[in-house]
Amino acid sequence: MSSMDAAASVDLADLGLDEGGHLLVDRALDGLAPGRRLAVTGRHPALGVHLGPWCRSRGHRLIAGDAALVVEKGGSAERRWAGAERAGSAAGPPDARADPRWGLAARGALVEAGGPPIGAHWSEREHVWADIAPKLYAAAAAAQWDPATAVDWTAPIDAVPPEIERAVIQIMTYLVENEQAALIIPARLLSQLHPHYREVMQLLATQAADEARHVEVFTRRGLLSGRPLGTSSAGGRASLATLLNEPDFSTASFLLSVLGEGTFLDLLRFLYGHAPDPVTADVTRLALRDEARHVAFGVAHTAHLAGSDPAYLGTLRRSVERRHAALQDTAGLNAEVFDSLVLLAAGSWQPTAIRRGWQAVRDLQARMDEGRRRRLAAIGFPDDEAAELSALHTRNFM
Ligand SMILES: [Fe+2]
Ligand SMILES: [Fe+2]
């Protein structure tokens, strides 16, 4: 046998197989069909010793030639990738169904058969997707702010009258509890989402990070004057528990983001407008900006789903009714939170000021209702049903 029988050749010069030489051999074999031969030449003293075991480990056959070493290509590499398939398309939109066998592979990767399937619960595009998700993720990534520097924590709060400060602390205490629920829900949905829907996964991660910052800045504002935090009511926590217990991705997104966070947009705007100090103004303004994205995804996703399956509006409707029935015997909003909102808008204990504050909170509730009806209509509910469902929303706002 002579090296002339080989279909191709490669020269490793003085490079050893134990220092990267196998890359050159692999590259040369790549263009050959199984059964074809490659002549390997080189000056490394151990080349002949190393090539035999390497060939066996890769399923090739080493044939001792007279002038050169000859490798006959095996078929195991081809066999290994025979059952492989692409995990959807990297450039195109995600697939309608994500195969659990794709597991953690990048979208568009060539996936070797075998390997553990991923135990994701949400693996259908319609159940998690919105076309705006990639854009919202990019906006969220660009808008991350640093709580240490985005808020001027040294701004004076001494001018805030003690009873107004107590109202601010009560509201902050309430906000933290709601933000914690708003953090846990996207984090839980994220852990059950097939990573094929990468942009939704990334968006939920930024949403959880947003809520982590909200928990931080509201806690910090609540503690700023050194007084103890306010109260947490059983009714408020019962209302949030019904959100945490919602198992369906889209229904959870609807109840939390469309109705709850949608209502919070008006609440945060109200708090910003009546902030008695710059720190309260900063933290509510920053949270408001983030919440607008959370609401945008919730509305876009549920509208997308209802658009492809009109019967889904019935499912969403029943989720609101179910939640309302579950909370019927609870107080909903902590009365101390309501009173604190009145006092904050009043700014003082003068009866005329209290009347003004009371009216401001009634106006706030009317704006919240209007916003909910508008978002419900955007999803596809007729106006009368939107009004009915908005009225059934929890008194706890979130
Ligand atoms: Fe938040
Ligand atoms: Fe949020």
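Values in this document were obtained by computation on a predicted structure and should not be read as measured data. Starting from 1, each residue takes its place in the sequence as its number. Whatever order the structure lists them in is the order used to number ligands and atoms, beginning at 1.
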K.L.:
Using 2.8 Å as the threshold, say whether any N, O or S atom from Glu291 sits that close to the Fe ion (ligand 1).
P.N.:
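Yes, since at least one N, O or S atom of Glu291 sits under 2.8 Å from the Fe ion (ligand 1).
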K.L.:
N/O/S of Glu179 less than 2.8 Å from the Fe ion (ligand 2)?
P.N.:
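No, outside the cut-off.
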K.L.:
Here's a test for you: under ring pair (Phe, Tyr, Trp, His ring centres under 6.0 Å), which of Phe249, Tyr197, Phe254 qualifies with His301?
P.N.:
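In the set Phe249, Tyr197, Phe254, the residue that makes a ring pair (Phe, Tyr, Trp, His ring centres under 6.0 Å) with His301 is Phe249.
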K.L.:
With the side chain counted from C-beta on, respond yes when Thr41 and Ser9 share a heavy-atom pair under 4.5 Å apart, and no when they do not.
P.N.:
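Of all side-chain heavy-atom pairs linking Ser9 with Thr41, none is under 4.5 Å.
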K.L.:
His214: which N/O/S atom is nearest the Fe ion (ligand 1)?
P.N.:
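For His214, the N, O or S atom at the smallest distance from the Fe ion (ligand 1) is ND1.
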K.L.:
Considering only N, O or S atoms, which atom of His294 is nearest to the Fe ion (ligand 2)?
P.N.:
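The His294 atom nearest to the Fe ion (ligand 2), restricting to N, O or S, is ND1.
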K.L.:
Kindly determine whether Asp210 and Gln144 satisfy side-chain hydrogen bond (donor to acceptor under 3.5 Å, both in side chains), including the steps that lead there.
P.N.:
CA-CA 8 Å; Asp210 291 343; Gln144 299 290 302; 3.1 Å; yes
K.L.:
If the cut-off is 2.8 Å, does any N/O/S atom of Glu261 fall short of it from the Fe ion (ligand 2)?
P.N.:
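Of the N, O and S atoms in Glu261, at least one lies under 2.8 Å from the Fe ion (ligand 2), which means yes.
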K.L.:
From the options Thr330, Thr394, Asn178, select the one residue that forms a side-chain hydrogen bond (donor to acceptor under 3.5 Å, both in side chains) with Ser239.
P.N.:
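For Ser239, the side-chain hydrogen bond (donor to acceptor under 3.5 Å, both in side chains) test succeeds with only one of Thr330, Thr394, Asn178, which is Thr394.
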K.L.:
Quick check: does Glu211 put an N/O/S atom under 2.8 Å from the Fe ion (ligand 1)?
P.N.:
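Checking Glu211: at least one N, O or S atom is under 2.8 Å.
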K.L.:
Between Arg395 and Ala331, is there a donor-acceptor pair closer than 3.5 Å when you use the side chain of the first and the backbone of the second?
P.N.:
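Between the backbone of Ala331 and the side chain of Arg395 there is a qualifying donor-acceptor contact (under 3.5 Å).
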